[in-house]
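Here is the structure we will look at.
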Amino acid sequence: MFDGVHSGHQKVIQKTIHLANKKNGESIVLTFDRRPKNVLSQTQQTCITSLEHRLVLFEQLGVDISVVLEFNKKISEVSAEDFISKIMYEWLGAKVVVLGFDCSFGKDRRGNASMVSSYAKKYGFEVVTCNPVEFEGERTSSTTIRKHIIQGNLQKARGMLGRRVSVFGTVIKGSGRGKGLGFPTANLNLHHEIKPPSGVYATKALLEGKEYNAITNIGTCPTFRESTCDDEPVVEVHIIDFKESIYGKDLEVQFLYKLREETRFKSADELKLQLGRDRIRFMNKTSEKVLTE
Ligand SMILES: Cc1cc2nc3c(=O)[nH]c(=O)nc-3n(C[C@H](O)[C@H](O)[C@H](O)COP(=O)(O)O)c2cc1C
Ligand SMILES: Nc1ncnc2c1ncn2[C@@H]1O[C@H](COP(=O)(O)OP(=O)(O)O)[C@@H](O)[C@H]1O
């Protein structure tokens with residue numbers, strides 16, 4: 001389902017776009033709305049990229065059409081053969097099918113590249129498979145990337161993703177304290193995306209196609225709240241040199257590097273002083289152009 005839209009996925013998608021252009025056709029990406037595992041094992045597993053995030057990344061890559069299938073019990077029962085004949089051939093009218101080397105689909109995940117190839121003649125399509133992509137000798141995979149992001153190995157995760165580590169969320173109301181501190185912070189609802197560990201990060205914020213410098217906290221705001229270990233850290237973004245209301249809008253936050261740990265300050269004034277220092281440190285580094293992205 002392209003979780004992460006990582007460098008291996010990008011290779012499949014870029015190949016599809018290239019072939020579609022060559023044949024004067026349209027590039028189509030097929031994805032599920034949720035992780036099949038969530039439906040099959042009735043769990044609420046997090047993902048690297050929510051559906052909303054994936055659709056934005058597909059568009060950025062230049063895909064013509066993104067087709068989203070609702071993953072439910074019924075679709076999990078569709079055989080791999082029916083997937084090929086009904087969805088790929090009859091519904092989408094595929095002329096070329098591009099697959100990752102380890103792609104599997106259909107009931108019990110029986111469908112794969114060699115099965116699609118065995119139907120190529122019957123349905124008149126060409127089948128192209130893409131080899132695995134590696135980063136520092138390790139095969140790129142969504143599972144490995146998830147592990148790196150959760151452990152805070154941003155450089156490794158970035159290498160495998162082939163893009164900056166990022167989260168994508170909708171701006172929601174917080175406690176309304178930020179503006180009073182002189183640091184309004186947009187609180188994000190991540191739609192079950194995973195995030196790096198707690199801490200303060202130098203970031204870029206992408207809003208309506210524009211990129212801004214931003215400092216982002218992932219944490220529980222210990223200066224103001226007694227937190228318990230059950231508290232889920234929140235993502236809060238202060239966009240530098242920006243003054244608009246963006247409640248309800250979607251925002252992508254791309255992580256560059258960690259600035260410091262989240263700290264319990266003795267007072268709001270001390271936190272405010274530190275936020276000023278964080279901003280200066282980030283801006284100095286940016287202007288020196290020594291960002292180790
Ligand atoms: C860059 C940044 C760094 C932050 N660092 C801390 C911190 O070290 N300790 C803390 O208690 N809160 C920290 N915060 C969270 C602030 O306490 C929080 O944004 C502020 O209380 C406003 O919350 P609100 O958006 O819910 O109104 C940080 C926020 C940002 C944007
Ligand atoms: N520079 C900025 N960075 C982030 N949000 C900003 C900025 N300027 C204005 N805003 C707006 O202010 C809101 C954050 O203000 P804040 O007082 O922290 O309220 P809340 O607790 O609801 O997040 C954001 O959601 C956004 O709509």
Side-chain angles (χ1 to χ4, degrees), residues 1-16 29-58 60-61 63 66 68-72 75-76 80 83 98-116 129-169 190-199 201 218 232-233 235 252-255 258 293:
M1 64 163 244
F2 297 108
D3 188 24
V5 195
H6 60 54
S7 47
H9 300 143
Q10 287 164 29
K11 193 169 162 184
V12 173
I13 293 168
Q14 277 152 0
K15 184 97 202 161
T16 310
V29 167
L30 197 62
T31 190
F32 288 122
D33 63 336
R34 68 200 75 189
R35 285 180 72 184
K37 220 174 184 174
N38 289 0
V39 177
L40 300 174
S41 59
Q42 296 202 335
T43 50
Q44 183 51 268
Q45 301 226 358
T46 46
C47 50
I48 308 171
T49 42
S50 62
L51 175 63
E52 295 87 339
H53 195 175
R54 264 178 282 143
L55 293 177
V56 169
L57 293 169
F58 293 155
Q60 283 171 5
L61 285 167
V63 169
S66 298
V68 181
L69 295 178
E70 183 188 340
F71 194 91
N72 49 30
I75 205 155
S76 74
F83 215 92
V98 187
L99 300 154
F101 74 103
D102 65 345
C103 163
S104 58
F105 60 88
K107 189 170 167 14
D108 302 325
R109 305 183 68 163
R110 279 189 45 252
N112 54 29
S114 73
M115 182 191 272
V116 182
T129 52
C130 292
N131 293 331
V133 173
E134 289 191 353
F135 177 72
E136 293 178 348
E138 207 179 350
R139 189 171 282 184
T140 293
S141 85
S142 304
T143 309
T144 314
I145 296 170
R146 254 177 241 134
K147 191 185 74 195
H148 285 316
I149 295 177
I150 289 168
Q151 291 175 350
N153 301 327
L154 293 187
Q155 296 307 320
K156 281 246 178 201
R158 191 200 155 134
M160 284 202 170
L161 279 172
R163 58 181 182 84
R164 290 174 185 148
V165 171
S166 69
V167 294
F168 184 89
L190 297 189
H191 310 292
H192 309 294
E193 282 194 358
I194 56 165
K195 52 189 174 295
S198 291
Y201 293 86
I218 301 182
E232 180 58 28
V235 178
E252 181 179 352
V253 181
Q254 301 179 339
F255 294 86
K258 193 165 178 171
E293 296 176 44

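Heavy-atom basis, side chains included; hydrogens, waters and symmetry copies ignored. The residues of the chain are indexed from 1 along the displayed sequence.
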Once you measure the plane-to-plane angle for His53 and Phe168, does it fall in the parallel (<30°), tilted (30-60°) or perpendicular (>60°) bin? parallel
side-chain contact (heavy atoms from CB on, under 4.5 Å) between Met160 and Glu138, worked out: CA-CA 9 Å; Met160 284 202 170; Glu138 207 179 350; 3.7 Å; yes
Quick one: does Asn112's side chain have a donor or acceptor within less than 3.5 Å of a partner on Ser104's backbone? no
Is the distance from the ring center of Phe2 to that of Phe32 below 6.0 Å? no
Do Glu134 and Thr140 pass the side-chain contact (heavy atoms from CB on, under 4.5 Å) test, and can you show the C-alpha distance, the side-chain angles, and the key distance before you say yes or no? CA-CA 5 Å; Glu134 289 191 353; Thr140 293; 5.8 Å; no
Between Asp3 and Arg54, does any NZ, NE, NH1 or NH2 come within less than 4.0 Å of an OD or OE carboxylate oxygen? no
To the nearest 0.5 Å, what is the distance between CD (Gln254) and CG (Leu154)? 12.5 Å
Please report the closest heavy-atom contact between Gln60 and Glu252, naming both atoms and the distance. NE2-OE1, 4.1 Å
Identify the two heavy atoms, one from Ser7 and one from Gly159, that lie closest to each other, and give their separation to 0.1 Å. OG-O, 4.4 Å
Which pair of non-hydrogen atoms, one from His9 and one from Ser142, has the smallest distance, and what is that distance? CE1-OG, 3.7 Å
Does any N or O in the side chain of Glu193 come within less than 3.5 Å of the main-chain N or O of Ser50, such that one atom is a donor and the other an acceptor? yes
Would you say Thr49's side chain and Gly4's backbone share a donor-acceptor pair under 3.5 angstrom? yes
What heavy-atom pair brings Ala113 and Leu99 nearest, and what distance separates the two atoms? CA-CD1, 3.6 Å
For the pair Arg35 (side chain) and Thr46 (backbone), establish whether a donor and an acceptor sit closer than 3.5 Å, ignoring hydrogens and angles. yes
Does the side-chain contact (heavy atoms from CB on, under 4.5 Å) test come out yes or no for Arg158 and Arg163, once each step is laid out? CA-CA 6 Å; Arg158 191 200 155 134; Arg163 58 181 182 84; over 6 Å; no
Do the non-hydrogen side-chain atoms of Arg34 and Glu70 ever get within less than 4.5 Å of each other? yes
After noting the C-alpha distance and the side-chain angles of Leu69 and Phe83, does the key distance pass the side-chain contact (heavy atoms from CB on, under 4.5 Å) rule? CA-CA 12 Å; Leu69 295 178; Phe83 215 92; 4.1 Å; yes
Between Glu232 and Lys195, is the closest basic N to carboxylate O distance under 4.0 Å? yes
If only atom types and distance count, is the side chain of Lys258 paired as donor or acceptor with the main-chain N or O of Gly152 below 3.5 Å? no
Side-chain donor or acceptor of Thr31 paired with backbone N/O of Met1 under 3.5 Å: yes
Heavy-atom count check: over 12 atoms from other residues, nucleotides or ligands less than 6.0 Å from Lys15 NZ? no
Give the minimum heavy-atom separation between Pro196 and Val165, together with the two atoms involved. CG-CG1, 4.4 Å
